[in-house]
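Since the structure is predicted, the reported quantities are computational estimates derived from the model, not experimental observations. Throughout, a chain's letter reflects where its sequence line sits, starting with A, and its residues are numbered from 1.
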Amino acid sequence: MNKSPVNNPDARLVLVCCGTGCIANGGLDVYRALQNELNGDEGVRVDAVTKGTGCHGMCARGPFVRIMPDDINYCQVKVSDVREIVEKTLHGGEVIKRLLFRDPRSKKTVKSHRDIDFYKRQHKIALRNVGVIDPASIEDYMARDGYQSLRKALFTMTPSQVIDEVVKAGLRGRGGAGFPTGLKWKACAAVDRLPRFIVCNGDEGDPGAFMDESVMEGDPHSILEGMAICAYAIGASAGFIYVRDEYAQSVASLGKAIEDARRHGFLGKNILGTALSFDIEIVRGGGAFVCGEETALLASIEGNVGEPRDKYVFPTERGLWGQPTVINNVETWANIPFIIHQGAASFASIGTAGSKGTKVFSVVGKVANTGLVEVPMGTTLREIIFDIAGGIPNGRKFKAVQTGGPSGGCIPESLLDLEVDFDSLARVGSMMGSGGMIVMDDRTCMVEVARYYLNFLAGESCGKCVPCREGIRRFGEILTRICQGKGTVDDLNLLESLSETVQSASLCALGRTAPNPVLSTLKYFREEYLEHIIRHRCPAGICKELTEFYIDPEFCNGCGLCAKMCPSQGIAGAKKQAHTIDQSKCIKCGECVDVCRFMAVKVR
Amino acid sequence: MATNGNQLETEEQFQEIITRYPTEQRYIMPIMHDLRNRYHYLPRKALEMAAAHLQVPLSQVYSMATFYKAFSLIPRGRVRLKTCDGTTCHIKGSQTIIEEVYKNLGIRPGETTPDREFSLETVNCIGACAIAPALIVNDKVYGKVTAASLKTIIREYGGRENE
Ligand SMILES: Cc1cc2nc3c(=O)[nH]c(=O)nc-3n(C[C@H](O)[C@H](O)[C@H](O)COP(=O)(O)O)c2cc1C
Ligand code: FES
């Protein structure tokens with residue numbers, strides 16, 4: 001009998017989010033305090049289970065505490081709130097209003113997950129268990145039909161039926177390129193050399209993205225099950241999960257899951273008594289972005305520097321140690337058990353003509369509700385950014401959304417109604433990438449953003465091929481020049497012709513896509529480049545050499561908040577009188593602009 | 001040779017870490033991870049011993065140690081600051097944090113103070129974008145860091161202000 005309470009509708013459950021974001025906000029302390037409070041007291045009548053669950057998605061307002069079966073959701077809980085929660089809510093059945101989520105737009109408090117727009121409009125497949133189960137409990141996973149798909153595949157389907165199912169589902173790889181997963185498996189199974197290997201790409205190199213992290217932390221078994229199903233389908237004997245260096249929690253969570261899965265016979269020799277033997281090992285990455293590229297990643301697992309190679313021959317034919325290898329992204333793997341369990345048709349009924357299923361986005365930056373969002377393919381940018389993520393905070397204006405990781409593109413306001421899928425994003429000069437969505441407001445400088453990405457990529461280029469190594473560096477120099485007000489109009493032409501060279505002559509996709517941030521910002525925000533070049537002005541107030549802040553006396557009511565927040569004591573003024581900025585002290589950090597509630601601090 | 005963390009680096013300790021792994025090239029990185037977790041940098045002697053154990057040329061180990069950003073060949077400070085300069089943190093002001101660290105401690109990314117007290121690195125996204133800009137001090141994550149709160153954090157770890 002599975003004793004896991006996750007499926008028991010009456011069980012008293014206290015779920016505390018302990019994802020990375022919530023831990024930084026003190027989630028672990030809250031978790032421990034709740035445990036203490038509930039274990040130490042013999043007189044507690046309620047049977048509460050405090051669980052360390054993975055990411056609930058809405059990280060900006062963590063730590064989250066969710067109380068079931070009433071589905072009461074508390075946010076920004078502090079240790080000092082714990083006693084009150086136990087006494088009032090758990091013992092007294094009373095809802096503590098102060099801790100409830102407050103809808104940023106309607107200003108109303110909401111009690112239940114089901115009533116929060118952020119959750120209501122989502123459709124969870126890859127994240128189906130994240131935040132619902134305790135990732136350290138295989139019983140929880142099994143209570144939610146976990147490992148049923150592996151059973152179904154092993155006992156009721158032939159390997160080629162499994163592959164066909166994945167082909168029919170129309171699942172495309174979630175790691176960036178969007179290659180059809182079923183076809184990849186088919187190609188690998190067709191290569192008649194043993195052993196075959198399976199790799200999970202958990203490198204998640206895109207800065208600003210954490211969806212794979214949340215699956216690895218919050219639902220590790222879904223990845224293991226997906227990989228085991230593939231092992232059966234293609235006849236593989238060993239698998240590797242390559243985890244990004246910074247993700248210590250993911251390593252711990254996956255490690256525990258692998259041990260538990262072995263103990264239950266889902267991994268190891270003769271899985272569930274069948275002829276299939278397959279085991280998984282974790283490999284920690286070394287903090288190199290390019291290692292997310294599949295051939296570089298394979299080199300890294302082998303114990304080499306992570307340099308990509310040209311793919312005349314795909315890893316499905318020559319992968320790890322020259323053997324046929326399937327490599328898929330974390331989110332791709334997490335979709336597999338769903339497809340096998342629910343059937344290809346059910347999966348394919350979601351999404352657009354060319355992109356089936358859902359996609360997890362990490363919506364971050366200048367939005368009210370930062371966090372993970374899983375929606376059907378084809379959902380518009382506007383729905384994601386405004387209806388789900390709550391739009392731009394602090395009364396500022398939406399400027400652009402950047403998708404696709406460092407070599408994606410910036411999409412302007414005029415394209416907000418774009419229905420997001422692999423093909424539509426490529427059409428507007430960006431890409432899906434792994435699903436990062438960075439929202440920018442009028443305090444983000446698009447030239448500086450392009451410079452940021454190109455500098456990032458310059459540092460991450462492995463240096464093997466010249467167009468990428470030298471070309472990206474030149475981009476960085478030119479863009480820096482423009483940000484300092486030393487650019488010329490001719491530089492814009494130079495950027496464009498350089499883009500062509502780097503795009504067509506680089507060895508791997510890192511170089512080939514590197515010009516995207518430049519091209520997309522040039523296309524949609526050319527004015528802003530010209531403003532830097534001709535008028536020596538950074539309208540967003542970000543490029544320090546070109547920025548001077550001032551306080552507009554018409555708007556300033558002398559509340560003094562900016563003076564209090566200024567780290568260099570550079571703002572002065574009498575109470576209730578317009579304040580002024582001492583330019584000699586100003587470090588251009590922009591804190592005053594961001595804290596002013598009256599939009600009185602402006603860029604000259 | 002005494003270094004940070006008051007730990008003695010001895011050849012026996014190196015050997016103990018290195019021989020946890022079989023003699024296969026693919027274990028270079030796991031060994032370097034273990035060394036880093038313990039010493040916060042890769043001591044030269046340990047790398048020589050690792051190369052011998054794994055039967056790979058020292059140049060192979062060296063190329064790995066310098067290619068991957070997770071590793072450093074120079075000792076880190078007692079207090080290791082890592083500012084996140086991932087995209088979210090960047091647009092939320094990580095540049096200011098990096099400059100303020102320089103103003104307060106006189107170190108730039110990759111550097112250590114002469115007294116080996118503080119060192120600074122940048123990383124690209126630690127998955128805490130929701131609380132950007134993020135800063136990790138040793139292993140503790142701080143969110144929504146500002147120029148002002150940075151000063152407090154540095155003071156908390158025993159740093160004196162330069163100004
Ligand atoms: C520079 C570069 C970085 C990449 N980084 C990642 C990554 O962090 N995670 C990932 O899953 N795929 C990444 N990819 C894509 C992989 O090369 C590969 O397409 C993917 O792992 C295949 O899995 P999928 O078919 O399930 O998407 C990257 C590609 C390039 C060119
Ligand atoms: S960008 Fe800094 S935590 Fe993600």
Side-chain angles (χ1 to χ4, degrees), chain A residues 19-21 23-25 58-62 204-210 213-214 245-248 283-289 291 300-307 362 364-366 370-371 402 406 436 438 440 443-444 449 452-453 456 459-460 462 565-568 587-591 594, chain B residues 24-30 32-33 36-37 54 56 60-61 63-71 82 84-97 99-100 103 121-132 134-136 139-144 146-151 163:
Chain A
T20 300
I23 288 186
N25 277 335
M58 204 171 173
C59 315
R61 289 168 199 273
E204 191 152 74
D206 296 0
F210 53 104
E213 177 191 36
S214 82
D245 176 48
E246 283 81 359
Y247 291 174
V283 179
R284 284 169 293 172
F289 171 73
C291 284
S300 182
I301 295 181
E302 293 168 3
N304 288 305
V305 297
E307 286 176 353
S362 87
V364 298
K366 311 283 182 70
T370 308
Q402 201 276 354
I438 293 135
M440 302 172 179
R443 279 277 288 141
T444 315
V449 163
Y452 166 76
Y453 284 119
F456 173 86
E460 298 296 339
C462 76
M565 297 307 288
C566 177
S568 52
I587 59 168
K588 322 268 167 78
C589 70
E591 186 73 22
D594 299 332
Chain B
E24 272 180 59
Q25 179 176 343
R26 70 191 183 102
Y27 293 113
I28 299 179
M29 193 115 99
M32 294 199 302
H33 269 117
R36 178 202 61 178
N37 290 347
L54 300 175
V56 295
Q60 172 73 14
V61 177
S63 70
M64 302 267 297
T66 49
F67 180 87
Y68 292 102
K69 290 210 173 54
F71 309 111
K82 276 194 215 172
C84 179
D85 195 20
T87 316
T88 317
C89 291
H90 187 80
I91 66 171
K92 290 217 171 167
S94 56
Q95 244 13 57
T96 304
I97 312 285
E99 273 160 41
E100 287 300 301
K103 276 193 206 151
E121 288 163 73
T122 56
V123 285
N124 295 308
C125 194
I126 54 163
C129 312
I131 48 169
L135 167 76
I136 311 182
D139 289 314
K140 191 162 176 201
V141 180
Y142 292 83
K144 302 200 171 133
T146 60
S149 71
L150 178 77
K151 280 189 182 157
E163 292 161 279

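Residue with the most contacts toward chain A among B:His33, B:Lys140, B:Met64: B:His33 (heavy-atom pairs, distance under 4.5 Å). The candidate with the highest count of non-hydrogen atom pairs below 4.5 Å against chain B, out of A:Ser300, A:Pro406, A:Ala288, is A:Ser300. Your options are A:Gly285, A:Gly205, A:Cys462, A:Ala248, and the one with the most heavy-atom pairs under 4.5 Å with chain B is A:Gly285. Chain A forms the most heavy-atom pairs under 4.5 Å with one residue out of B:Gln95, B:Lys82, B:Arg36, and that residue is B:Arg36. Contact count versus chain B (heavy atoms, under 4.5 Å) is highest, among A:Thr444, A:Val305, A:Ile587, A:Val364, for A:Val305.
The part of A:Ile301 that comes within reach of chain B is its backbone (N, CA, C, O), which places non-hydrogen atoms under 4.5 angstrom from that chain. B:Ile28 touches chain A through its side chain: at least one heavy atom from C-beta onward sits under 4.5 Å away, while N, CA, C and O do not. B:Gln60 touches chain A through its side chain: at least one heavy atom from C-beta onward sits under 4.5 Å away, while N, CA, C and O do not. Proximity to chain B (any heavy atom under 4.5 Å) is restricted, for A:Glu591, to the side chain, taken from C-beta onward. Proximity to chain B is absent for every atom of A:Asp594, based on heavy atoms less than 4.5 angstrom apart. There is no contact between A:Ser568 and chain B, counting heavy-atom distances below 4.5 Å. Residue contact with chain A, scored on non-hydrogen atoms closer than 4.5 Å, is absent for B:Glu24. Residue contact with chain A, scored on non-hydrogen atoms closer than 4.5 Å, involves the side chain of B:Met29 exclusively. A:Val449 touches chain B through its side chain: at least one heavy atom from C-beta onward sits under 4.5 Å away, while N, CA, C and O do not. Interface remark: A:Cys566 contributes no atoms to any contact with chain B (heavy atom separation under 4.5 Å). Contact of B:Tyr142 with chain A is not made at all, since no heavy-atom distance falls under 4.5 Å.
Note that OG of A:Ser362 is 6.5 Å distant from CD1 of A:Ile438, once rounded to the nearest 0.5 Å. The distance from atom OG1 of B:Thr96 to atom NZ of B:Lys103, rounded to the nearest 0.5 Å, is 8.5 Å. Once rounded to the nearest 0.5 Å, the distance linking CZ of A:Phe456 with OG1 of B:Thr122 reads 10.0 Å. Distance check: A:Thr370 OG1 to B:Ile131 CD1 gives 10.0 Å after rounding to the nearest 0.5 Å.
With 3.5 Å as the limit, one finds a donor-acceptor pair spanning the side chains of B:Gln25 and A:Asn304.
A:Tyr247 pairs by the side-chain hydrogen bond (donor to acceptor under 3.5 Å, both in side chains) definition with A:Glu204, not counting sequence neighbours.
A salt bridge links A:Glu460 with B:Lys69; the closest basic N to acidic carboxylate O contact falls under 4.0 Å.
Judged by distance alone, the side chain of A:Tyr452 and the main-chain N or O of B:Ile91 form no donor-acceptor pair under 3.5 Å. Put simply, the side chain of B:Tyr68 gets close to the backbone of A:Gly306: a donor and an acceptor are under 3.5 Å apart. Checking side-chain atoms of B:Glu100 against main-chain N and O of B:Ala147 turns up no donor-acceptor pair under 3.5 Å.
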